[in-house]
Visitor: 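Below are the structure tokens for one structure; questions will follow.
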2 protein chains.
Amino acid sequence: MVYIRNECKVMPKSITRTYSRYSRDASSLLGGLIRAARKERKLTAQEVADRAGISRGLLQRIEKGDLKCEIGAVFEVATIVGVKLFDADETTLTRHIRQTEDKLGLLPKSVRKKSKAVRDEF
Amino acid sequence: MVYIRNECKVMPKSITRTYSRYSRDASSLLGGLIRAARKERKLTAQEVADRAGISRGLLQRIEKGDLKCEIGAVFEVATIVGVKLFDADETTLTRHIRQTEDKLGLLPKSVRKKSKAVRDEF
DNA sequence: TAAAAATGATCCTCATATAGGTCATTAAAG
DNA sequence: CTTTAATGACCTATATGAGGATCATTTTTA
């Protein structure tokens, strides 16, 4: 990369990322789920946003399925409105995990078992 | 960092976001799943990163469950290595959707339909 | 109905996540 | 073993996501 002085310094590259259909559908689906759950519980966008520690604008984007949101924010919101991706009692994704876990036997320790070590921060 | 020049006007606020245990576990779990799937398919980190159009560094963070990654990147990677969150044939999350959908009747059109729900308990 | 609240959309600024590089360490070939 | 590839960890510059206005609609409720 060259950076001449004078002469147009930085032509913005504008990295336009592309997403697969699958990702777009998944995100759109999740957003819809969240929105539906929020409505069901009669929570205003502002309320949820506050509780999640995010702005109302971001919540809007999340509910719209915008793929450019940090996953942490999405997970937080999902949790707050009650949309569970993983669940203690074998819901949704957890099933997938069991399968893969048994098959490969390598999962991040942070979610491995529970056994000793209370480790209940938070 | 010092910020001289008259009382420094813009002391960076450094918004440190906090995440619930649930979100952290979910993310860590998903990351582990992705990593396991990648290994299983014998794909190098660089390969997957290239295919997803992201950097190797970002892939590392994703596999580590870093909550500050855009959800689009995570979904792309998940798709590439074969970890399906939602699936055409009623897997995982889709079940949740059916339930909520029937109950509320408001879902994004892009994912609506698919004929009658099979709902065959995975 | 009128008033108040919630929402959707847009703009601007700042904080920061990402790309891309380096380097040390580990694993895989040869 | 030696060589090569893959990984993990770190750093910096910059492209961009997020916060925080504002305003027009739409929805609620009084």
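Everything numeric in this text was worked out from a predicted model, so none of it was measured. Residue numbering restarts at 1 for every chain, and letters A, B, ... go by the order of the sequence lines.
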Visitor: Any idea which of D:dG19, C:dT7, C:dT18 is nearest the B:C69 side chain?
Guide: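 Nearest listed nucleotide: C:dT18.
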Visitor: Does the side chain of B:K64 get closer than 4.0 angstrom to OP1 or OP2 of D:dA9 through an N or O atom?
Guide: yes
Visitor: B:Q60 side chain: which of C:dA6, D:dG8, D:dT7 is closest?
Guide: D:dG8
Visitor: Report the residue (B:A45 or A:G53) whose heavy-atom-nearest nucleotide on DNA chain D is the more 5′ of the two.
Guide: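 On the 5' side of the pair lies B:A45.
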Visitor: State which of D:dG8, D:dA18, C:dT18 makes the closest approach to the side chain of B:S55.
Guide: C:dT18
Visitor: Any donor-acceptor pair, under 3.5 Å, between the side chain of B:R61 and the base of D:dG8, if you only look at N and O atoms?
Guide: no
Visitor: Quick one: do B:I62 and B:L58 satisfy side chain to side chain contact (heavy atoms under 4.5 Å, CB included)? Show the steps, please.
Guide: CA-CA 6 Å; B:I62 290 175; B:L58 179 54; 4.1 Å; yes
Visitor: Below the 4.0 Å mark, does C:dT7 have OP1 or OP2 next to a side-chain nitrogen or oxygen of A:R35?
Guide: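 For C:dT7, OP1/OP2 do not have a side-chain N/O of A:R35 under 4.0 Å.
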Visitor: What nucleic acid atoms does A:K42 come within less than 4.0 Å of, heavy atoms only: base, sugar-phosphate, or nothing?
Guide: nothing
Visitor: Choose from C:dA17, D:dT7, C:dA6 the nucleotide whose nearest atom is closest to any side-chain atom of B:K68.
Guide: C:dA17
Visitor: Distance check needed: C:dA19 P versus B:D66 CG, whole Å only.
Guide: 13 Å
Visitor: When you match B:T44 and B:G57 each to their closest nucleotide on DNA chain D, which lands nearer the 5' end?
Guide: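 That would be B:T44.
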Visitor: Under 4.5 Å between any side-chain heavy atoms of B:I71 and A:L30, yes or no?
Guide: yes
Visitor: When you measure from the side chain of A:K39, which nucleotide among C:dT7, C:dA17, C:dA19 comes out closest?
Guide: C:dT7
Visitor: Does B:R17 pair with A:E70 as a salt bridge, N-O distance under 4.0 Å?
Guide: yes
Visitor: Pick from B:R56, B:R35, B:K39: which one makes a salt bridge (Lys or Arg N to Asp or Glu O under 4.0 Å) with B:E63?
Guide: B:R35
Visitor: Can you name the nearest heavy-atom pair linking B:T44 to B:R38, along with the distance?
Guide: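 Residues B:T44 and B:R38, closest heavy atoms: C-NH1, 3.6 Å.
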Visitor: Measuring from the side chain of B:L58 (C-beta onward, heavy atoms only), which nucleotide among C:dT18, D:dA18, D:dT7 has the closest atom?
Guide: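 Shortest atom-to-atom distance from the side chain points to C:dT18.
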Visitor: Whole-Å distance between C:dA17 P and B:L67 CG?
Guide: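 Rounded to whole Å, this separation is 11 Å.
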Visitor: C:dA5 phosphate, OP1 or OP2: any side-chain N/O from A:R56 under 4.0 angstrom?
Guide: no
